[in-house]
2 protein chains.
Amino acid sequence: MIDALIQRMENFSHLDPLSRNELRAACIAHAQYFSPRQVIFSAGEQALGAYFVLSGFACRNLHLPNGKRPITELLLPGDVFGARAFLFKPNDHAVSSLTHLQAAFLSRTTLSRWSRRSPSLNEALWRARALQSAIHGQWLINVGSRTAIERLAHLFCELLVRLRAVSLATQDACTLPLTQTNLADATGLTPVHVNRTLARLSRLGISTFKDNRLIVHDPARLQEIGGFDPEYLRTPGPDPQECLPDSIASPQFDDRAAALMRHPGTLNEIPPAATARRT
Amino acid sequence: MIDALIQRMENFSHLDPLSRNELRAACIAHAQYFSPRQVIFSAGEQALGAYFVLSGFACRNLHLPNGKRPITELLLPGDVFGARAFLFKPNDHAVSSLTHLQAAFLSRTTLSRWSRRSPSLNEALWRARALQSAIHGQWLINVGSRTAIERLAHLFCELLVRLRAVSLATQDACTLPLTQTNLADATGLTPVHVNRTLARLSRLGISTFKDNRLIVHDPARLQEIGGFDPEYLRTPGPDPQECLPDSIASPQFDDRAAALMRHPGTLNEIPPAATARRT
DNA sequence: CGTGCAATTGAGTTGAGTCAAGGCTAGTGG
DNA sequence: CCACTAGCCTTGACTCAACTCAATTGCACG
């Protein structure tokens, strides 16, 4: 499972052999085990470093005074968490395990040292954060402007793609150790309504979620319902060419950027209809 | 207005005089003007650099096939946008101006050069991103688990605090050049319902939003309704002491981190009731 | 002096939430 | 080995917050 993490980081940036070995060694040396429902970070606490998830599921969540407990992030094997907080301020959300969890703790000191020494690892970390951020943006849209069935469809599509990236899902199925209550917290719905909606998805022959297992029978429909476009999850791949289409040093990049420095970008006016909100 | 930006960056990290001057000069040299409703980045486009908002409002939004146009981020003077995309992949959302907008474009090349040369500026940029990320997290909670009146209350509190940070708001009022439709897109509501809810806030004597101006008559109530805790918006302040309570090099930091490297953090079990969702 | 967008208001509909009861399963302890 | 308990899932009946549809006003801009 450490290999999944390494593979994942490789997807963000091609690691030099030294960094790769160092990362692997550190993950083995600093692995920690958590049982389900354990608090790893709590809100308001100052983070001392970051965790790399090696196996199991975790989530970032919060206790609201009204009793709700929204999940703002699902952390899967290969994900990193806590890296943001250690740059900024005490955490504003807690992180807790959903299943048995294995995670490597790397202190701020270690991370700083690494990112100074290995630009590729630094880049990988940045990109890992950027990906999380893109996911966050999609969740915001999901919760803010989709119906129950659409939200679940989108979430399922996302999780399937993310789990495939670490070889934990086949084309159309995966183990998903979440309760319906977890799904509800992640989608801003009620457990009861999630239940009914799952039943509907099943009745429509689109997907089944049972016994911690998600099976998608009609991926195309699921994707269509959720309005899912996997693009936001794509990692550039380890190939530096594809990774940085405009090399920072490339002449045509500088030309284009220089042009932008003088003239505003696309001058497209937004079509008048900000009001347009047919459904 | 450039001073507001500088002041803002200073809040993230104490800039050395050289960086400060360089930043100021670049902002003046590369300022661009956009009229309202202009597209600055469009989705799918590869970003060539980042923009620093000098004056005016902008937003990050998206066109959904169902006609909705959710706003995922409000960009105020002093905010930076586009910095994430240039590290990663094409943008997944568009950014467009809401009002007349003045923004400085800084190319990827320039930014890379700066962050290599000036650690303090690099840190400031990181923290600016981290703050955006924290705001994103709060929006997710807002849209996912609050009622209409709560969402608006929270948004108003947030905007007031953010605008105060750049001296664009007094303790209880600010100019807010947003339409009710914009508020609707930002909160995941309907313009009609936003209208009614604003009327309610006004009737309750809590706040008025009229003619692009937000006036809060009862800040305490507003904050209470929105469940708003300003903590997530606090910038550490320019004081390095306060900024990094645990200096990366400090011995007690290393002790605590080392301890974590052996034992899991807090071993608090989550109270059994993940089901607890009274209202 | 239209034309278009923003704001407003009313009436009716509905998707999702609430309340409540019952079944299934797994773990615990006698 | 068998209660007993505690989550989790399931289902039905009812309620309500927010959405839809629709019509009216007022303003700003060309």
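A, B, ... follow the sequence lines: proteins, then strands. Residue 1 opens every chain.
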**OP:** Please report, rounded to the nearest Å, how far the C1' atom of dA18(D) is from the CG atom of L198(B).
**Re:** 15 Å
Original post:
In whole angstroms, how far is the C1' atom of dT25(C) from the CG atom of D211(A)?
Top reply: 11 Å
Original post:
Whole-Å distance between dG15(C) P and R200(A) CZ?
Top reply: 8 Å
Original post:
Nearest to the side chain of T179(A), which nucleotide is it out of dA16(C), dC9(D), dA18(D)?
Top reply: dC9(D)
Subject >> OP1 or OP2 of dC5(C) under 4.0 Å from side-chain N/O of Q180(B) >> reply: no
Subject >> Distance in Å, W139(A) CH2 paired with E158(A) CD, rounded so as to fall on 0.5 Å steps >> reply: 6.5 Å
**OP:** Look at the rings of F81(B) and Y51(B) and say which category their plane angle falls in: under 30° parallel, 30 to 60° tilted, over 60° perpendicular.
**Re:** parallel
Original post:
What nucleotide, of dA18(D), dG10(C), dC19(D), holds the atom closest to the side chain of V192(B)?
Top reply: dG10(C)
Original post:
Taking CG from D185(B) and C1' from dA18(D), how many angstroms apart are they, rounded to a whole number?
Top reply: 16 Å
**OP:** Round to a whole Å and report the spacing from CZ of R37(A) to P of dG7(D).
**Re:** 8 Å
Original post:
In whole angstrom, what separates L189(B)'s CG from dC16(D)'s P?
Top reply: 20 Å
**OP:** Kindly indicate whether the side chain of R196(A) and the base of dT18(C) share any N or O donor-acceptor pair separated by less than 3.5 Å?
**Re:** yes
**OP:** Starting at atom CG of L201(B), determine the distance to atom P of dT8(C), rounded to an integer number of angstrom.
**Re:** 13 Å
Original post:
L183(A) and L155(A): side chain to side chain contact (heavy atoms under 4.5 Å, CB included), yes or no, with the steps?
Top reply: CA-CA 9 Å; L183(A) 289 177; L155(A) 181 63; 3.7 Å; yes
Original post:
Within a strict 4.5 Å, meaning less than it, do heavy atoms of the D79(B) and R8(B) side chains meet?
Top reply: yes
**OP:** Return no unless some side-chain N or O of N195(A) is found under 4.0 Å from OP1 or OP2 of dT10(D).
**Re:** yes
Original post:
Rounded to whole angstrom units, what separation is found between the NE2 atom of H193(A) and the C1' atom of dT11(D)?
Top reply: 14 Å
